[in-house]
Q: 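Quick one: the structure is below, questions incoming.
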2 protein chains.
Amino acid sequence: MGLQLTRGGEYAIRAMTYLARYPEGHVASLRDIGRAQEIPESFLAKILQSLVHAGLAVSQRGAHGGFALARPAEQITMRDVIEAVDGPISVNLCTLDPEECKRSSTCEVHKAWLRAQEQLMDVLGGVTLKSLAPQPVA
Amino acid sequence: MGLQLTRGGEYAIRAMTYLARYPEGHVASLRDIGRAQEIPESFLAKILQSLVHAGLAVSQRGAHGGFALARPAEQITMRDVIEAVDGPISVNLCTLDPEECKRSSTCEVHKAWLRAQEQLMDVLGGVTLKSLAPQPVA
DNA sequence: GCCAACAGGACCGTTTCACTCCGGTCTCGA
DNA sequence: TCGAGACCGGAGTGAAACGGTCCTGTTGGC
């Protein structure tokens, strides 16, 4: 289809939004998140690991362990989450790798892609988990 | 990688931009376009067929045949071209298929996706082939 | 009628997606 | 201290999409 988010990215947003509903520092287990958001747990495990590696979430091992946001929900954006899971957002190869597009300096198409990409990143970078979360749960 | 254009979409833009450099109605052969834009010819054939089916290009068979834009370059946008080749632009499944997202009415995430998608389509829908073409060739 | 050029369908190797599995490690709490 | 609960992380996997190729038409100009 092209230009579409991966499943992993979608799940990551849902999982993080779920965490954002709780008070800061609240720990939820893989199982809790998976059940609540209807995400296959074994897959979710991978996704959460990416988020931890990216510094967006923290994990607690051992009994009563789980995951929590690494910083306040208003300081994490959709863009952060998506890039953590799917890698850098690049709407076209030539906007990512300067080597790829030799004629980038003169090419009007290249400029158009850059503009499209900036717009997209602005929107995604402007939406915080806080604004995505429904009424918080105590 | 996610959120990235397909090769086919990229080639389609390049091919159409090539046609847009010439006076209206100018016919260029598959071979000409492929050589000029460094696109594998057998693959380009598929892409041009999609563009013809979508009504963006017209083809002329037989000797001295080839392809031309179906309408003036200022009336064809990047969005038109991409959708013709890669299908409808939908940044997430839930923005395409209303059935897919049961909670769409209440879901803040859904609204965010809709906004991101609209922004992207606005940008791509605002760029015409004419504005992409370098100085025309007589 | 020949040759140039598109039409279109079948095919195909590779990569990515979307998951799963499993052994390992850590930690709490009884 | 020991064991159950929970994350860690790497390997594996089936299906689908991507990115093409190829071959047999069919069309049309000369």
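Computed from a prediction, not measured in an experiment: that's the story for all the values here. To find a chain, count down the sequence lines: A is the first, B the second, and so on, and within it residues start at 1.
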Q: Round to a whole Å and report the spacing from CD of A/Q4 to C1' of D/dA16.
A: 14 Å
Q: By nearest heavy atom, map A/S42 and A/Q60 onto DNA chain C; which one lands nearer the 5' end?
A: A/S42
Q: Rounded off to whole Å, could you give me the CG-to-P distance for the A/L44 and C/dC19 pair?
A: 11 Å
Q: Looking at the base of C/dT27, is there any donor atom on it, or on the side chain of A/R61, that sits under 3.5 Å from an acceptor on the other one?
A: no
Q: Using the side-chain contact (heavy atoms from CB on, under 4.5 Å) definition, which of the options B/D86, B/V91, B/L93, B/L3 pairs with A/Q4?
A: B/L93
Q: Expressed in angstrom and rounded to an integer, what is the separation of A/D86 atom CG from C/dC17 atom C1'?
A: 10 Å
Q: Using a 4.5 Å cut-off on heavy atoms from C-beta on, say whether the side chain of B/L124 contacts that of A/W113.
A: yes
Q: A/H64 NE2 to D/dA6 C1': how many Å, rounded?
A: 10 Å
Q: Output yes when a side-chain donor or acceptor of B/S131 lies under 3.5 Å from a complementary backbone atom of B/V127, and no otherwise.
A: no
Q: How would you label the contact of B/G65 with the nucleic acid (heavy atoms, under 4.0 Å): base, sugar-phosphate, or nothing?
A: sugar-phosphate
Q: Using a 4.5 Å cut-off on heavy atoms from C-beta on, say whether the side chain of B/S90 contacts that of B/Q117.
A: yes
Q: Please evaluate residues A/L69 and A/E24 with respect to the criterion side chain to side chain contact (heavy atoms under 4.5 Å, CB included), reporting the C-alpha separation (whole Å), side-chain torsions for both, the decisive distance (0.1 Å), and the verdict.
A: CA-CA 7 Å; A/L69 298 184; A/E24 210 179 317; over 6 Å; no
Q: Distance check needed: D/dC23 P versus B/E41 CD, whole Å only.
A: 16 Å
Q: Please work out if B/L30 contacts a base, only the sugar-phosphate, or nothing of the nucleic acid, heavy-atom cut-off 4.0 Å.
A: sugar-phosphate
Q: Does a side-chain N or O of A/Y11 approach OP1 or OP2 of C/dA18 to a distance below 4.0 Å, or not?
A: no
Q: Nearest-Å distance, CZ (A/F43) to C1' (C/dC17)?
A: 7 Å
Q: Expressed in angstrom and rounded to an integer, what is the separation of A/Q49 atom CD from C/dC26 atom P?
A: 14 Å
Q: Among C/dC28, C/dT20, C/dG9, which nucleotide sits nearest the side chain of A/A63?
A: C/dC28
Q: Is any side-chain nitrogen or oxygen of B/S59 closer than 4.0 Å to OP1 or OP2 of C/dA7?
A: yes
Q: C/dA7, OP1 or OP2 - any side-chain N/O from B/H53 closer than 4.0 Å?
A: no
Q: Can you tell me if A/T6 touches the phosphate of C/dT16, counting only side-chain N or O atoms and a distance under 4.0 Å to OP1 or OP2?
A: no
Q: Could you tell me the separation between the CD1 atom of A/I33 and the P atom of D/dC7, rounded to a whole number of Å?
A: 8 Å
